[in-house]
Amino acid sequence: MTVQELPGAAAYRPTPPPAWRPRTDPAPLLPDPEPFRVLGTGAELDRPLMLKLYAELVRGRRFNAQATALTKQGRLAVYPSSTGQEACEVAAALALEERDWLFPSYRDTLAAVARGLDPVQALTLLRGDWHTGYDPREHRIAPLCTPLATQLPHAVGLAHAARLKGDDVVALALVGDGGTSEGDFHEALNFAAVWQAPVVFLVQNNGFAISVPLAKQTAAPSLAHKAVGYGMPGRLVDGNDAPAVHQVLSEAIGRARRGGGPTLIEAVTYRMEAHTNADDATRYRGSAEVDAWREHDPIRLLEGELTARGLIDEDGIRAAAEAAETMAAALREQMNAEPALNPMDLFAEVYTAQSGQLREQAAQLRAELEAEAR
Amino acid sequence: MTTATDKKPATMAQALQRAMRDAMAEDPTVHVLGEDVGTLGGVFRVTDGLAKEFGEDRCTDTPLAEAGILGTAVGMAMYGLRPVVEMQFDAFAYPAFEQLISHVAKMRNRTRGAMAMPIVVRVPYGGGIGGVEHHSDSSEAYYMATPGLKVVTPATVEDAYGLLREAIADDDPVVFLEPKRLYWSKSDWSPEDPAPVEPIGRAVVRRPGSSATLLTYGPSLPVCLEAAEAAREEGWDLEVVDLRSLVPFDDETVCASVRRTGRAVVVHESAGFGGPGGEIAARVTERCFHHLEAPVLRVAGFDIPYPPPMLEKHHLPGVDRVLDAVARLQWEAEH
């Protein structure tokens, strides 16, 4: 039966779907075609901020090196290094206000430290003497999150709760390129946009999810483009250009704080070291690629620019290096001390009040410990 | 003054709604969120009227994504709210498992008590309502196997109100399993003067008896009570214990009953293999061995995917299956 043969065909008038309307104009949400950069563009630089970024980058690089060394000495169970990604880590910490919240992944110890968290507390998870070594509310840093992208909906929920309460608090959530494939990434961005939550998502696209390159992770034009599907702006930034990352983050955080809703930022960077000390990166990438990124190192870029523009001299560079050494020496000393362990802590804080079941098991462990001690 | 005449028939669904309503009225940090919980009042109408009374910021229709619902609830709890999350059906709660297991259950412990997760996850569960696939699962064993969660299930109208109020006030995360087929069960109940109930962590003897103990919960409680009545004809006086709180588990009440009767059958809809009955039978056997006249038996759902609605009656433990198990409790050995 053709349309013409349908009953009432004479009155047939094709109409569009009645309920459909465009929800938003996608054009303003689209990321720029090239990653945003500050260094090398002649843009004006705020010297105190640049010196702060530089000092933190140098300190951060030294922190990464020291933590990696501590794994080799058996002082850390594992360390996922952010060497090469320090610009993102440091800018994330510095772009936030005191009252804001940071939601780090397991590779973002440095961001937590740059935000002011005690390095030993920050490394608790990776040392292995407990899971989260700090009170998240004290520095407003959520626990370093291992299950990929699962911290993103937390950031959305917290930001939403803050907004409902009338607080001008912003949540900044960090995730990697691999994490963008997870369902929680999708759900978090969707909730954030629907609720217009004051949250900023920073994707550190470091090229690899352990061994899997981005090409096997996504067919999107860029990770920043994913924002458009949710109805939020996507920004693309050179993740090794610390002033650029800081600027893009600051703009997105300011926008969120003013009620403008969430932003997705993709920072293009590179993981200079293996996934962790337990990984062998030579199995999946060549040295030429690593060397190319070494030329685009975040410290090298900023130091070159500041030197060329006379914003830092050799004394300034030396002072930053010395401060980093002092931090590393203190960290070594603290981490070389054996952590205080109390096996009975295993049964604490599983519930608000210990259940009878756990009391029985705690008694069993206590008896075993006493027998060992005899 | 409250009198007995103030009590009117109320359904479990109404009592649950009232529990959330009263908690929201008392505590502005209590927020309800889930799929269809706002304008519609939930597919079972358990959140009926909450959005109207408290506004959509307090009772929120979320996007359709369970991990997102529970994940954002975690963030809300981090900021000091007390989220009450509705999972629309048992099997639709599975996308939220990672949030539940890796974050909700562990947050207090991993932060050494610094960050509690006062979240209630309401899950309509179980079969017997003629639902098509994915609408009738008994998922309690998954939750019970996760340290850090409390797992609670009411079987009466009074408990529905009392346990949900307590769950919302609890600083620990509570998976609150609502037996779907009891949503419309009724009791004379006064919302203005709700009867106090035993706290989370306590089981209750619903029917005292001396011959054997039926250990059950949620949707199987009415089945066991009916079986106990029918058993009188056989000369058995069965005690029925409503477990109510699967985690924490009330060994004391359960074992006191089994020591008294010397025989026990665990009854639940959940699959038997790896199900709650195995844990319960083991606990009873470990603690009451010398009082037992027979092995602890289990009457459970078969170890099969939940059946289609036209066949579910063969799967669900019914009165006859319970009585058959009671008959196998080695009575002849006594004489």
Side-chain angles (χ1 to χ4, degrees), chain A residues 101 103 125 130-138 140 142-143 145-165 167 169 171 173 182-184 186-195 197 199 345-358 360, chain B residues 28-29 31 33 55 57-58 60-81 83 95-96 98-99 101-119 147-150 170-173 201 245 247-252 283:
Chain A
W101 273 76
F103 286 79
L125 170 78
W130 202 255
H131 307 297
T132 301
Y134 50 93
D135 177 353
R137 290 196 177 95
E138 191 184 336
R140 286 153 308 282
C145 187
T146 306
L148 289 182
T150 58
Q151 74 278 22
L152 306 184
H154 305 172
V156 176
L158 182 134
H160 178 61
R163 196 175 68 109
L164 290 180
K165 205 175 163 204
D167 298 343
V169 165
E182 292 281 1
D184 278 26
H186 161 68
E187 296 188 23
L189 266 72
N190 190 46
F191 273 64
V194 170
W195 286 350
V199 58
D345 285 354
L346 293 173
F347 298 97
E349 307 297 355
V350 180
Y351 295 97
T352 308
Q354 207 167 56
S355 64
Q357 199 175 314
L358 291 188
E360 281 177 18
Chain B
T29 67
H31 283 240
L33 61 160
D57 284 346
R58 295 283 306 281
T60 307
D61 279 332
T62 64
L64 208 165
E66 293 78 11
I69 295 168
L70 191 53
T72 51
V74 169
M76 291 165 78
M78 285 173 136
Y79 207 72
L81 300 183
E98 187 178 23
Q99 288 292 341
I101 277 108
S102 297
H103 292 295
V104 174
K106 293 176 180 166
M107 192 68 84
R108 169 182 285 279
N109 182 255
R110 66 205 274 241
T111 60
R112 289 184 181 273
M115 197 167 256
M117 280 288 117
I119 296 176
L149 300 177
K150 290 180 177 173
D170 201 314
D171 278 342
D172 292 322
S245 173
V247 182
F249 189 80
D250 185 358
D251 289 306
E252 195 186 346
R283 298 184 81 78

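All figures in this text were calculated on a predicted structure; none of them were measured in a lab. Naming: A, B, ... by sequence-line order, numbering from 1 per chain.
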- Side chain, backbone, both or neither: which part of B:K106 has an atom under 4.5 Å from a heavy atom of chain A? neither
- Message: Looking at chain B, which one of A:S355, A:A348, A:A162, A:G183 has the largest number of heavy-atom pairs inside 4.5 Å, strictly under?
- Response: A:A162
- Message: Tell me the closest heavy-atom pair linking B:S102 and B:R110, and the distance in Å.
- Response: O-NH1, 4.1 Å
- Message: As an exercise, state the distance from CD of A:E182 to CD of A:E187, rounded to the nearest 0.5 Å.
- Response: 11.0 Å
- Region of B:A73 in contact with chain A, defined by heavy-atom distances below 4.5 Å: neither
- Message: Counting only heavy atoms not in A:E360 (residues, nucleotides, ligands), do more than 12 fall under 6.0 Å from its CD?
- Response: yes
- Query: B:H31 side chain to B:D57 main-chain N or O, any donor-acceptor pair under 3.5 Å?
  - Reply: yes
- A:V350 versus chain B, heavy atoms under 4.5 Å apart: side chain, backbone, both or neither? both
- Message: Given heavy-atom pairs under 4.5 angstrom as the criterion, report whether the side chain, backbone, both or neither of B:M117 touches chain A.
- Response: neither
- Message: Between A:D184 and chain B, with a heavy-atom cut-off of 4.5 Å, which part of the residue counts as in contact: side chain, backbone, both or neither?
- Response: side chain
- What part of A:A188 lies closer than 4.5 angstrom to a heavy atom of chain B: side chain, backbone, both or neither? neither
- With a 3.5 Å cut-off and no angle check, do the side chains of A:H154 and B:Q99 form a donor-acceptor pair? yes
- chain B interface, residue from A:F103, A:W101, A:W195, A:Y134 that has the most non-hydrogen pairs under 4.5 Å: A:W195
- Item | Side chain, backbone, both or neither of B:R58 within contact of chain A (heavy atoms, under 4.5 Å) | neither
- Atom of B:A105, atom of B:P147 and distance for their closest heavy-atom approach: CB-O, 3.6 Å
- Query: Highest number of heavy-atom pairs under 4.5 Å with chain B: which of A:T132, A:N190, A:V156, A:D345?
  - Reply: A:T132
- Message: Less than 4.5 Å apart, side chain to side chain, heavy atoms only: is that true for B:H103 and A:P143?
- Response: no
- Message: Under 4.5 Å from any heavy atom of chain B, what part of A:L346 do you find: side chain, backbone, both or neither?
- Response: backbone
- Note on the structure: Note: vs chain A, highest number of non-hydrogen pairs under 4.5 angstrom among B:T29, B:D250, B:L149, B:L33 is B:L149
- Item | Top contributor to chain B interface from A:A155, A:P147, A:A353 [non-hydrogen pairs under 4.5 Å] | A:P147
- Query: Is the side chain of A:W130 donor-acceptor paired with the backbone N or O of B:N109 at a distance under 3.5 Å, no angle test?
  - Reply: yes
- Is there a donor-acceptor contact under 3.5 Å from the side chain of B:R108 to the main chain of B:G148? no
- Item | Part of B:P63 within contact of chain A (heavy atom distance under 4.5 Å) | both
- Task: Give a yes or no on whether a salt bridge exists between B:R112 and A:E349, defined as a side-chain N under 4.0 angstrom from a carboxylate O.
- Result: no
- Message: So for A:T150, is it side chain, backbone, both, or neither that comes closer than 4.5 Å to the heavy atoms of chain B?
- Response: both
